[in-house]
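Below is one structure, written out as structure tokens; the observations come after it.
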There are 2 protein chains.
Amino acid sequence: MPERGRPRTFDRTAALRRAMELFWAKGYEGTSIADLTAAMGIGSPSLYAAFGSKEALFLEATDYYTGTEGTEIWTALDEAPTACQAIENFLRQTAKAYSRNDRPQGCLIALGALHQDSSSGAICDDLRRRRAENHTLLLRRLERGVAEGELPAGFDSDAAATFYATVQHGMSIQARDGASCDALMATVAGAMAAWQGLAGTA
Amino acid sequence: MPERGRPRTFDRTAALRRAMELFWAKGYEGTSIADLTAAMGIGSPSLYAAFGSKEALFLEATDYYTGTEGTEIWTALDEAPTACQAIENFLRQTAKAYSRNDRPQGCLIALGALHQDSSSGAICDDLRRRRAENHTLLLRRLERGVAEGELPAGFDSDAAATFYATVQHGMSIQARDGASCDALMATVAGAMAAWQGLAGTA
DNA sequence: TCCTTTATGTAACGATCGATACATAAATTT
DNA sequence: AAATTTATGTATCGATCGTTACATAAAGGA
């Protein structure tokens with residue numbers, strides 16, 4: 001049974017991608033409905049009929065971001081044979097993705113809505129939850145390194161995951177300041193220089 | 001010759017401090033004139049007479065921030081006897097300052113206006129310039145370490161300064177996510193674990 | 001005392017904010 | 001063909017945005 005009623009005249013996914021790019025570049029509160037409708041090529045009633053509200057559109061856009069832009073960064077975590085290589089690949093992919101100049105620099109999850117009081121609370125909480133999930137992914141990979149004997153038993157996986165997640169967050173701001181991929185790689189090198197010390201094998 | 005005309009009935013510096021706290025908590029675009037006048041306890045004409053515009057008020061507020069909240073973080077750089085201790089004290093002071101719960105978490109310079117397209121361009125450029133100045137302070141201290149023989153001649157001071165500045169930026173986001181001082185100290189420990197590797201003395 | 005100067009309080013400016021009412025268009029169902 | 005359902009375009013809603021006109025108040029200078 002196909003859809004009833006008049007079919008929509010625009011590509012919903014393409015419009016969502018445009019919305020994602022706008023939120024990514026300008027943040028949640030910096031993006032207006034007028035900005036969105038102009039970029040998506042639709043009228044505001046179509047936007048509200050298809051996505052519900054600005055808040056719902058943002059949440060769906062971050063989901064789309066996670067499923068498209070975010071994948072290449074995080075798949076490296078599970079594929080690399082060692083935790084050390086996993087973290088390094090993770091940071092290198094981050095450097096490459098954050099510095100691409102055919103799309104906004106930095107990360108939508110990190111930069112989209114940082115001010116709880118002014119942005120919608122639900123938006124801010126959702127991004128916070130996603131950042132916490134990313135921390136958990138790093139933590140799981142490090143714990144796997146401990147379980148496999150790569151890292152010593154006393155290794156503080158939580159502290160290390162926090163450290164590397166924080167470095168990645170900082171890279172978003174660095175990228176927003178115009179840092180090249182090479183400049184971001186300098187930060188990656190610094191972060192990986194910490195590995196020996198953290199692993200306690202020096 | 002004292003001031004001519006009717007004297008103002010509010011403390012200009014106290015009002016500026018209130019404005020700084022608001023911008024710090026909510027960001028530039030998230031803070032409205034109505035928010036400001038309510039917190040500063042004055043009417044909008046008084047605000048404009050005393051500070052010129054929202055943009056000028058923000059610039060003055062960031063200056064005030066740099067001269068008050070920022071000092072304790074950066075004075076550690078020149079006072080510590082070694083570059084290594086200077087960086088560590090710098091990060092420890094950052095951890096303590098960013099996690100205080102009697103004021104907004106994180107750094108106004110890092111979080112105040114990250115979206116060039118939506119925020120006023122001048123605001124964004126000013127914060128970027130201040131972040132670049134901070135990078136320069138780190139760079140100078142590291143170069144001093146090279147000049148004094150603490151660090152090897154081939155030490156890449158610029159890359160290391162970028163790394164530590166990036167870590168500090170990440171700590172702003174981490175602090176905004178509610179990280180305690182101890183949690184931030186875990187990041188500091190990670191960043192300092194990189195020192196041996198960066199200095200090439202391992 | 002009058003004049004000039006600066007600050008305050010009220011009230012409102014045009015522009016934009018997110019969101020929607022309404023009539024019309026285009027599809028399926030009966 | 002008539003009825004139902006969904007989407008689009010126009011036009012606009014009340015609220016808020018940053019900013020300012022205007023009249024009044026409070027100070028020093030003449």
Side-chain angles (χ1 to χ4, degrees), chain A residues 1-16 18-20 22-23 25-61 112-113 115 117-124 126, chain B residues 1-16 18-20 22-23 25-61 112-113 115 117-124 126:
Chain A
M1 56 177 96
E3 317 91 28
R4 304 233 325 183
R6 176 177 177 175
R8 68 165 52 94
T9 59
F10 62 94
D11 183 335
R12 191 181 188 279
T13 301
L16 180 60
R18 299 290 184 85
M20 175 198 73
L22 263 188
F23 282 131
K26 309 176 71 163
Y28 176 72
E29 55 188 357
T31 305
S32 70
I33 298 291
D35 291 334
L36 290 165
T37 55
M40 298 162 88
I42 61 177
S44 49
S46 296
L47 187 153
Y48 281 89
F51 299 101
S53 67
K54 183 187 177 185
E55 196 173 302
L57 174 58
F58 182 87
L59 294 176
E60 197 168 340
H115 305 289
D117 295 337
S118 52
S119 301
S120 160
I123 295 297
C124 203
D126 184 71
Chain B
M1 55 179 95
E3 317 92 28
R4 304 238 320 182
R6 177 177 176 176
R8 68 165 50 95
T9 59
F10 63 94
D11 183 334
R12 191 181 189 280
T13 302
L16 179 60
R18 299 289 185 87
M20 174 198 74
L22 264 188
F23 282 131
K26 309 176 70 162
Y28 176 72
E29 53 188 358
T31 305
S32 70
I33 298 291
D35 291 333
L36 291 165
T37 55
M40 299 163 86
I42 61 177
S44 49
S46 296
L47 187 155
Y48 280 88
F51 299 102
S53 68
K54 183 187 177 185
E55 196 173 301
L57 174 58
F58 182 87
L59 295 176
E60 196 168 342
H115 305 288
D117 295 337
S118 52
S119 301
S120 160
I123 295 297
C124 204
D126 184 71

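All values derive from a computational prediction rather than experimental measurement. Residue numbering restarts at 1 for every chain, and letters A, B, ... go by the order of the sequence lines.
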A/Ala14 meets the side-chain contact (heavy atoms from CB on, under 4.5 Å) criterion, sequence neighbours left out, with A/Asp11, A/Arg17
Summary of protein contacts for nucleotides 15-24 of chain D, nucleotide by nucleotide, where a base hit scores B, a sugar-phosphate-only hit scores S (4.0 Å, heavy atoms): --SSBBB---
Ignoring backbone atoms, test whether A/Thr9 places a side-chain nitrogen or oxygen under 4.0 Å from the OP1 or OP2 oxygen of D/dT8. yes
Output yes when at least one side-chain N/O atom of A/Arg4 is less than 4.0 Å from OP1 or OP2 of D/dT6, else no. no
Taking side-chain contact (heavy atoms from CB on, under 4.5 Å) as the test, write out the residues that go with B/Ala122, two or more places apart. B/Glu55, B/Ser120
Euclidean distance, atom CZ of residue B/Arg8 to atom P of C/dA7 [Å, nearest integer]: 5 Å
Could you tell me if A/Lys54 sits above the aromatic ring of A/Tyr28, with its cationic atom closer than 6.0 Å to the ring centre and no more than 45 degrees from the axis? yes
NZ of A/Lys26 versus C1' of C/dT16: gap in Å, rounded? 13 Å
Given atom CD1 of B/Ile42 and atom P of C/dT10, what is their separation to the nearest angstrom? 14 Å
Please identify each residue that fulfils salt bridge (Lys or Arg N to Asp or Glu O under 4.0 Å) with A/Arg12, with sequence neighbours left out. A/Glu60
Any pair counted as salt bridge (Lys or Arg N to Asp or Glu O under 4.0 Å), so long as it reaches residues 42-51 of chain B, sequence neighbours left out: none
C/dA7 C1' sits how many Å from B/Phe51 CZ, rounded? 13 Å
Below 4.0 angstrom from OP1 or OP2 of C/dT8, is there any side-chain N or O of B/Ser46? yes
Considering heavy-atom distances to DNA chain D, does A/Leu47 or A/Gly5 have its closest nucleotide positioned more toward the 5' end? A/Gly5
Residues pairing under side-chain hydrogen bond (donor to acceptor under 3.5 Å, both in side chains) where one sits in residues 34-48 of chain B, two or more places apart or in two chains, turn out to be B/Lys26-B/Asp35, B/Ser32-B/Asp35
